[in-house]
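Order of the sequence lines sets the chain letters (A, B, ...), proteins ahead of strands, with each chain counted from 1. Only a predicted model underlies this, so the values are computations on that prediction, with no experimental measurement involved.
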Number of protein chains: 2
Amino acid sequence: MGNGTSAKDRAYRDTKARILDGSLPGGELITEGQVADALAMSRTPVREAFLRLEAEGLLRLFPKRGALVVAVSPAEVEAVLEAREVVEGHALGKLCEAPTAEREAVARALHEVLYVQRAALADDDEPAFAEADRRFHITIVESTRNPILLELYASLRDRQLRINLGSLDRGPRRPQEILAQHEAIVDALAPGRADEARARLRDHLDATRVAVAGTRSPAAS
Amino acid sequence: MGNGTSAKDRAYRDTKARILDGSLPGGELITEGQVADALAMSRTPVREAFLRLEAEGLLRLFPKRGALVVAVSPAEVEAVLEAREVVEGHALGKLCEAPTAEREAVARALHEVLYVQRAALADDDEPAFAEADRRFHITIVESTRNPILLELYASLRDRQLRINLGSLDRGPRRPQEILAQHEAIVDALAPGRADEARARLRDHLDATRVAVAGTRSPAAS
DNA sequence: CGGGAACCGGATGCATACAAGATGCATCGA
DNA sequence: TCGATGCATCTTGTATGCATCCGGTTCCCG
């Protein structure tokens, strides 16, 4: 999609960023006019951005009423995590049985990401750590070379971001745990060990589930 | 999404239908103005419909140029079938290990669908057969109760429709084959037989792959 | 004091107007 | 003859205007 600097894209990126970083909390009601005024453009491009955000599940449009920033619900958390397990699990399984050359190429890429992530942890560089985390999972899904799955996964990652916002994902030992689980996943990347790789993925996602569980704000109805 | 009779929805449904039934073949270049005139509305709602269709992978928008009806490529066929296998396979596996009551409820629903599909075959009622086919697969995916996976699957089914258009999916024995494969899938729905159910699904999708293979028109570049 | 209808403000849905980018062709020059 | 340039035309991108619809409030009447 045009990442050019069209008004539509600005509206899309700005609003999405505000939703993902929490400055537009779930339950908030926003209007096309507000965003249009804030970005000094007309309602038309904002409208298109809203439609796209609704398709991504971040907004819910109410006819003649406004746009509701959807609150993260436990059901959504579960749906996102299940979908992630399905997509990433498939990618891991496929990768285990892929030709050696390809599997090792991806494994090398993953090791590189882990190296960066370890360094970020050592430097206490949270953004770099998060970015490496993102690269790790995306690299796995990219290995399927399936644009449909990849696009779905991109949307899942966005939702995950928002989910993590309200969670205690920042426990002191959590980064180490994440890193260890990533390493366990990569270590299981070998022919015949697909089930194990998927099990390690499940461990990883379960940890996210735990980190997120019970930390939701009641979400303005 | 509002299935009300708004202009936007009419533009969306009409254009989508025309793409899916082949009256707008892949490679065709259409414009907002054409559709707007044809439906006696302004460009605004058409534009929104186009954006949505692009998100679904049916159109590709070229800035200031027009909208290209994307031609089905072998790569897309493969991507759709792989994604279907991932989603439906997950649903089947989950269903096999689900509580007995739930599994049997879904199995009953599937048997009902198969009954309808058999009747449609006997009556030589192609639309009814296709609709039953659709219900069969959707019922499986619905059993996950995961709206994300369900929505993805809906989009996959649409793409599959278009893929089937240019295929020899109408071989004389093909309906019997489909029905038999559906039955094999349902028969494998039992605890501990998840792998078998997935294998039967793979058989089914492989048959589609074969039916579609080598029947593509060269697709205007 | 309570209930219902009219009213008002605000937001969207769509139509229309205008500006700007892109393409293809005709034209012009070497 | 061939290539570059400018133009005509088509299409999108964005702005703006207006009608409609919704919800909350007010006002009137019983």
Atom CZ of B:Arg145 with >12 non-hydrogen neighbours under 6.0 angstrom: no

A:Glu32 CD to C:dC14 C1', straight-line distance once rounded to whole Å: 12 Å

Nearest-angstrom distance from the residue atom CD of B:Glu48 to P of C:dA15: 10 Å

Options C:dC14, C:dA15, D:dT14, nucleotide nearest the side-chain atoms of B:Met41: C:dA15

B:Leu51 CG - C:dG13 C1' separation (whole Å): 16 Å

Distance-only side-chain donor-acceptor flag, A:Glu82 / B:His90, under 3.5 Å: yes

Value in whole Å for how far the C1' atom of C:dG21 lies from CG of B:Leu61: 15 Å

Donor on one side chain, acceptor on other, B:Tyr153 and B:Glu142, under 3.5 Å: no

Between P of C:dT16 and CG of B:Asp37, the distance in whole Å: 11 Å

No-H, no-angle donor-acceptor pair, A:Lys64 side chain to D:dT20 base, under 3.5 Å: yes

Contact under 4.0 Å: A:Arg47 side-chain N or O vs C:dG13 OP1/OP2: yes

Any donor-acceptor N/O pair under 3.5 Å between C:dT16 base and B:Thr44 side chain: yes

Rounded distance (Å) that lies between atom C1' of C:dT12 and atom CZ of A:Phe50: 11 Å

Atom-pair distance (CZ on A:Phe62; P on D:dG23), nearest Å: 11 Å

Nucleotide D:dC10, atom C1' - distance to CZ of B:Arg43 in whole Å: 11 Å

Heavy atoms from other residues, nucleotides or ligands near CZ of A:Arg202 exceed 12 (cutoff 6.0 Å): no

Earlier contact from the 5' end, DNA chain D, for A:Pro45 and B:Gly33: B:Gly33

